[in-house]
Number of protein chains: 2
Amino acid sequence: MNHSGDISSKLRRRGYRLTPQRMMILEAVEAADGHISADEIYARVCDRYPHLNISTVYRTFELLKELGLVTETDMGDGRVRYHSIRKGHHHHLVCQNCGCIIDLDEAVLLPLKDALFRDYGFDADLKHLAIFGRCSKCR
Amino acid sequence: MNHSGDISSKLRRRGYRLTPQRMMILEAVEAADGHISADEIYARVCDRYPHLNISTVYRTFELLKELGLVTETDMGDGRVRYHSIRKGHHHHLVCQNCGCIIDLDEAVLLPLKDALFRDYGFDADLKHLAIFGRCSKCR
DNA sequence: GGTTTTATTGAAACTAATTGCAGTTACAAT
DNA sequence: ATTGTAACTGCAATTAGTTTCAATAAAACC
């Protein structure tokens with residue numbers, strides 16, 4: 001269940017370091033079931049390791065994103081949320097009226113991804129996406 | 001060329017008021033060629049009408065968005081940009097490596113919009129969208 | 001025109017996120 | 001084991017955007 005080994009080497013191979021802060025933040029993201037905000041991670045890690053700065057949390061997420069270990073989604077509620085990539089790709093339909101969130105299968109977006117690649121040579125990063133609109137109830 | 005008449009009635013019909021601030025902000029958005037940030041609008045309007053508050057700019061954009069007069073796009077550079085709807089719909093491919101922006105025809109997204117409606121009953125608001133990824137040069 | 005109602009504004013406080021910098025520390029090389 | 005150095009951290013300041021609230025002013029009604 002513990003992946004700190006391969007993450008550690010993944011970091012080191014690129015010249016990054018595995019610090020206690022990073023370990024604890026990564027652990028907390030893996031432990032979280034679902035999408036979690038920087039604030040929430042900060043609060044959870046602070047319980048056990050009080051001397052942590054919120055900016056370190058943001059910078060760690062930046063790094064984890066770069067390494068492809070987490071994805072970032074803006075659900076439109078004013079705070080960005082993060083999600084471990086090991087828990088699978090998925091997307092969201094966010095209703096602008098009632099705020100409900102519908103999980104979306106990746107397959108629906110594949111035709112778009114293909115079209116962008118074919119027509120524009122653009123490799124779209126659709127790992128995590130939120131599409132806004134109106135759900136069936138609110139239409 | 002002047003639309004303040006029909007905008008004025010559009011506002012009043014919904015119980016909103018046409019204030020000098022709103023007129024000047026809307027004028028500035030129409031005059032801008034392309035996407036413009038709240039800051040830039042604020043600076044431009046302030047030249048002629050110095051007693052304007054930045055929060056009024058944000059609130060006005062919120063309102064104009066609601067009325068469907070402008071759209072909002074996050075190009076990923078840390079500030080949201082606005083665009084008059086009268087200058088046409090379009091979308092963007094934003095390269096996460098070199099930062100270049102490719103204009104995208106609306107038609108490419110129609111199949112996705114249709115699929116979301118058909119499969120999920122979700123009416124996606126794809127008026128303005130930025131898709132991130134890697135352009136042909138940076139792949 | 002004058003009065004009233006209530007949407008709107010400006011100012012200031014606040015939140016989420018980012019940045020610059022000086023001091024610290026992981027870890028590779030000795 | 002010690003050292004050198006570049007990566008990293010905490011702190012404080014900054015930025016984009018939002019919210020609160022008292023004062024103001026559109027526009028509807030007389």
Side-chain angles (χ1 to χ4, degrees), chain A residues 4-5 7-26 28 35-46 48-67 70-82 96 99 130, chain B residues 4-5 7-26 35-43 45-46 48-67 70-82 96 99 130:
Chain A
S4 53
I7 286 161
S8 167
S9 56
K10 214 168 186 171
L11 285 166
R12 241 167 298 175
R13 234 177 298 134
R14 304 210 200 181
Y16 297 119
R17 293 176 191 167
L18 186 65
T19 63
Q21 287 92 335
R22 286 181 180 168
M23 264 191 284
M24 299 195 78
I25 291 169
L26 189 59
H35 300 70
I36 193 160
S37 70
D39 255 27
E40 287 164 338
I41 286 289
Y42 176 64
R44 288 188 198 185
V45 175
C46 267
R48 310 190 143 222
Y49 183 88
H51 199 61
L52 170 72
N53 198 278
I54 185 69
S55 60
T56 301
V57 177
Y58 283 112
R59 283 187 284 223
T60 300
F61 274 126
E62 194 60 34
L63 176 65
L64 295 177
K65 234 168 54 187
E66 224 172 284
L67 294 174
V70 302
T71 52
E72 188 186 78
T73 313
D74 181 355
M75 303 282 217
D77 70 336
R79 54 221 276 171
V80 168
R81 292 174 172 279
Y82 300 87
Q96 284 171 321
Chain B
S4 52
I7 285 160
S8 169
S9 56
K10 212 170 188 172
L11 284 167
R12 239 166 300 173
R13 233 176 299 133
R14 304 211 200 182
Y16 298 119
R17 292 172 190 172
L18 186 64
T19 63
Q21 288 92 333
R22 284 180 181 169
M23 265 191 284
M24 301 196 78
I25 291 168
L26 189 57
H35 300 71
I36 193 162
S37 70
D39 254 27
E40 286 164 339
I41 286 289
Y42 176 64
V45 175
C46 268
R48 311 191 141 221
Y49 184 87
H51 200 62
L52 172 71
N53 197 280
I54 185 69
S55 60
T56 301
V57 178
Y58 283 111
R59 282 186 287 221
T60 302
F61 274 126
E62 196 58 35
L63 176 64
L64 295 177
K65 236 168 51 187
E66 223 172 286
L67 294 173
V70 302
T71 50
E72 189 186 76
T73 315
D74 181 356
M75 304 283 217
D77 69 337
R79 54 222 273 174
V80 167
R81 293 171 172 281
Y82 300 88
Q96 284 170 321

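Note that the coordinates shown come from a computational prediction; the quantities given were computed from them, not determined experimentally. Convention: sequence-line order gives letters A, B, ...; per-chain numbering from 1.
- Atom pair I36(A):CD1 and dA17(C):P shows a separation of 13 Å (rounding to whole Å applied).
- Per the geometry, CD1 belonging to I41(A) stands 13 Å off P belonging to dA17(C), to the nearest Å.
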### Query
Going through the checks in order, is the side chain to side chain donor-acceptor pair (under 3.5 Å) test met by S37(A) and D39(A)?
CA-CA 5 Å; S37(A) 70; D39(A) 255 27; 5.6 Å; no

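- Set against dA27(D), dG17(D), dA28(C), the side chain of V80(B) has dG17(D) as its closest nucleotide.
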### Query
Which parts of nucleotides 5-13 of chain C does protein reach within less than 4.0 Å, heavy atoms only, written one letter per nucleotide 5' to 3' as B for base, S for sugar-phosphate only and - for none?
-BBSBBB--

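- Remark: of the listed residues R13(B), R14(B), R12(B), R14(B) is the sole one forming a side chain to side chain contact (heavy atoms under 4.5 Å, CB included) with Y16(B).
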### Message
Checking H35(B) against T73(B) for the side chain to side chain contact (heavy atoms under 4.5 Å, CB included) test, could you report, in this order, the C-alpha distance in whole Å, the side-chain angles of both residues, the deciding distance, and whether it holds?
### Response
CA-CA 8 Å; H35(B) 300 71; T73(B) 315; 4.3 Å; yes

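- Between R59(B) and E62(B) there is no salt bridge, since no side-chain nitrogen of the basic residue lies less than 4.0 Å from a carboxylate oxygen of the acidic one.
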Give me, pair by pair, the N or O atoms of the protein and of nucleotides 1-3 of chain D that are less than 3.5 Å apart, along with how far apart they are.
none

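- Of all non-hydrogen atoms in I25(A) and I41(A), the two that sit nearest each other are CG2-CG2, 4.0 Å.
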### Query
Does the side chain to side chain contact (heavy atoms under 4.5 Å, CB included) test come out yes or no for T19(B) and T60(B), once each step is laid out?
CA-CA 10 Å; T19(B) 63; T60(B) 302; over 6 Å; no

### Query
Going through the checks in order, is the side chain to side chain contact (heavy atoms under 4.5 Å, CB included) test met by L64(A) and Y82(A)?
CA-CA 10 Å; L64(A) 295 177; Y82(A) 300 87; over 6 Å; no

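- Atom C1' of nucleotide dT14(D) and atom CZ of R79(B) are separated by 13 Å, given to the nearest angstrom.
- Counting to the nearest Å, the C1' atom of dT18(C) and the CD atom of E72(A) are 13 Å from each other.
- Taking each heavy atom of A38(A) and Y58(A) in turn, the nearest pair found is CB-CE2, 3.4 Å.
- Here dA17(C) presents its C1' atom at 11 Å from CD of E62(A), a figure rounded to the nearest Å.
- Closest non-hydrogen pair, Y42(B) versus L52(B), comes out as CE1-O, 3.1 Å.
- Atom NZ in K65(B) sits about 11 Å away from atom C1' in dG17(D), given to the nearest Å.
- Distances shorter than 4.0 Å separate none of the side-chain N or O atoms of Y58(B) from OP1 or OP2 on dT18(D).
- Across the protein-nucleic acid pair, D77(B) atom CG and dT19(C) atom P stand 11 Å apart, rounded to whole Å.
- When rounded to the nearest whole Å, the span between CG of D74(B) and C1' of dA16(C) equals 14 Å.
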